[in-house]
Amino acid sequence: MIDGVDLDRLTAWMDGEHLGSGPLTDVGLLAGGTQNILLQFRRAGELYVLRRPPVNKRDNSDETMRREARVLAAIADSDVPHASLIAACPDIEVIGAAFYLMESVDGINPTVELPALLRDDSSKRFEFGLAMADGAASIGAVDHVAAGLSDLGRPDGYLERQVERWRRQLDSYSSIENYAGPDIPHVQAVADWLDANRPAAFEPGLIHGDYHLANVMCAYDHPALAAIIDWELTTIGDPLIDLGWLLATWPDAGDPAGGAVTPVQPWDGFPGRGDLIDRYGERSDRDLAAIDWYEVLACYKLGIILEGSHARADAGLAPREIGDRLHASTVSLFERAARRIRQA
């Protein structure tokens, strides 16, 4: 048993799926961007990565794994860079949780370390930054109906639901013991602006839901995405959410830490906000006239999500250091939202 994965039961399941033969070797945990477990191993010379929920699952953890596997299967023939799905097990009886197997990605997360190609050449860093915009555009270009994903989300009223849904999330933290309350600037002003300036219409499409530098792998040998990872918030809605999320977490002069994402070093040479928007516009025919709104919404939503860890830290349910750091990110995101509103 390794972190919630019974290797004997996994081996038996793989036998039934005709996925190699013999023992599992070179078994080891991979670091991930979330609490979900990533286990890498070899069988019959082939390299596999298993993804499953944390040992202490959340209520929707198994369904999240099933959704992720479904989306990876659906985008197999698309232009979206991703780790190819090998097989999925929706049944929790095998290892105690739904899980799936995917191919190992030959790349590295840029918030951990830049590959030498990017680290040593600022022009390559610029190209890689533009590739981030390309990745967002490629997700939005997926024909979700043809891919069999039309029932993955509820696009009707999607934008109208956002502000109230996340305000309820923030209000729910008041039930957490010892939480002092949301000491966050501009919450109501940002919510009011979002409601008053909401785009009237959009073309539904696939959304990653958490698209930023910490959720991609960059290739070693050229300035491109090797894969977009961590699809747990994927749904059908307005794909410009992904571009807004990228902008909200992208370092700029007023907020060099990027609001919520670990800074990439070195940063000089990476494209600016306008470059990302222009590049997305070259790769997509979606209307970008209201892109400020999507960035502000991303600041609002992500800031509220991160505040949940601060509330749990007040209750002793999360490390104090992490709670304080994420609260600072929340404040930074709302400051960025207010700044973008003033500039709009």
Side-chain angles (χ1 to χ4, degrees), residues 33-34 36 60 63-83 85 131-166 169 194 198-216 225 227-250 259-261 276-277 279-281 283-288 290-306 333:
T34 70
N36 294 308
N60 65 340
E63 183 56 30
T64 294
M65 287 298 112
R66 297 179 189 114
R67 286 168 65 88
E68 286 190 30
R70 179 184 175 189
V71 168
L72 289 178
I75 63 176
D77 297 324
S78 74
D79 292 331
V80 179
H82 65 283
L85 181 72
M132 290 292 297
D134 292 345
S138 71
I139 298 169
V142 170
D143 185 338
H144 66 285
V145 176
L149 298 175
S150 58
D151 62 339
L152 189 70
R154 294 187 298 127
D156 289 346
Y158 177 81
L159 295 183
E160 288 82 355
R161 294 194 298 270
Q162 295 303 304
V163 172
E164 181 57 28
R165 183 260 182 270
W166 292 103
Q169 179 77 16
L194 287 168
R198 184 171 50 246
F202 68 93
E203 182 67 29
L206 182 65
I207 299 172
H208 177 273
D210 194 16
Y211 188 71
H212 54 71
L213 284 162
N215 278 341
V216 301
L225 299 182
I228 300 167
I229 59 175
D230 287 1
W231 290 82
E232 58 190 289
L233 296 181
T234 187
T235 190
I236 302 301
D238 188 339
L240 288 181
I241 292 289
D242 282 337
L243 178 57
W245 205 273
L246 178 62
L247 297 175
T249 56
W250 197 258
V261 175
L276 297 178
I277 296 171
R279 179 62 165 233
Y280 189 100
R283 297 292 191 268
S284 171
D285 59 3
R286 295 183 182 275
D287 185 357
L288 301 180
I291 194 57
D292 289 346
W293 188 90
Y294 292 92
E295 181 179 354
V296 171
L297 176 64
C299 290
Y300 180 84
K301 177 178 175 179
L302 181 54
I304 288 173
I305 290 172
L306 297 181
L333 284 162

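In this chain, numbering begins with 1 at the start of the sequence shown.
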Are the side chains of [X] and [Y] in touch, meaning some heavy atoms are under 4.5 Å apart?
X	Y	value
V296	L194	yes
N36	M65	yes
W166	I305	yes
W293	L297	yes
W231	I75	yes
S78	S138	no
T235	R67	yes

Separation between [atom1] of [X] and [atom2] of [Y], rounded to the nearest 0.5 Å:
X	Y	atom1	atom2	value
D134	L225	CG	CG	7.5 Å
L247	C299	CG	SG	9.0 Å
L213	W250	CG	CH2	4.5 Å
I236	D238	CD1	CG	11.5 Å
E295	L276	CD	CG	10.0 Å
Q169	K301	CD	NZ	10.5 Å

Over all heavy atoms of both residues, which pair between [X] and [Y] is shortest? Give the atoms and the distance, please.
X	Y	answer
I291	I277	CG2-CD1, 4.0 Å
I207	T234	O-OG1, 2.9 Å
E203	R286	O-NH1, 2.7 Å
A83	A227	N-CB, 3.9 Å
Y300	V163	OH-O, 3.3 Å

With a cut-off of 3.5 Å and sequence neighbours excluded, list every side-chain donor-acceptor pair involving residues 239-246.
from : atom 1 : to   : atom 2 : distance (Å)
D242 : OD1    : H208 : N      : 3.4
D242 : OD1    : G209 : N      : 3.0
D242 : OD2    : H208 : N      : 2.8
W245 : NE1    : D210 : OD1    : 3.0

Heavy atoms from other residues, nucleotides or ligands near CG of N60 exceed 12 (cutoff 6.0 Å):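 Atom CG in N60 is packed in, count exceeds 12.
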Side-chain donor/acceptor of R283 to backbone N/O of A133, under 3.5 Å: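 Not a single qualifying donor-acceptor pair exists.
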With R165 via salt bridge (charged side-chain N to carboxylate O under 4.0 Å, His left out) - residues at least two apart: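 So R165 forms no salt bridge (charged side-chain N to carboxylate O under 4.0 Å, His left out) with any residue.
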Chi angles and distances behind the side chain to side chain contact (heavy atoms under 4.5 Å, CB included) call for V216, Y211: CA-CA 8 Å; V216 301; Y211 188 71; 4.1 Å; yes
Please tabulate, for the side chains in residues 145-159, all donor-acceptor contacts under 3.5 angstrom to protein atoms that are two or more places apart in sequence or on a different chain.
from : atom 1 : to  : atom 2 : distance (Å)
D151 : OD1    : R70 : NH1    : 3.4
D151 : OD1    : R70 : NH2    : 2.4

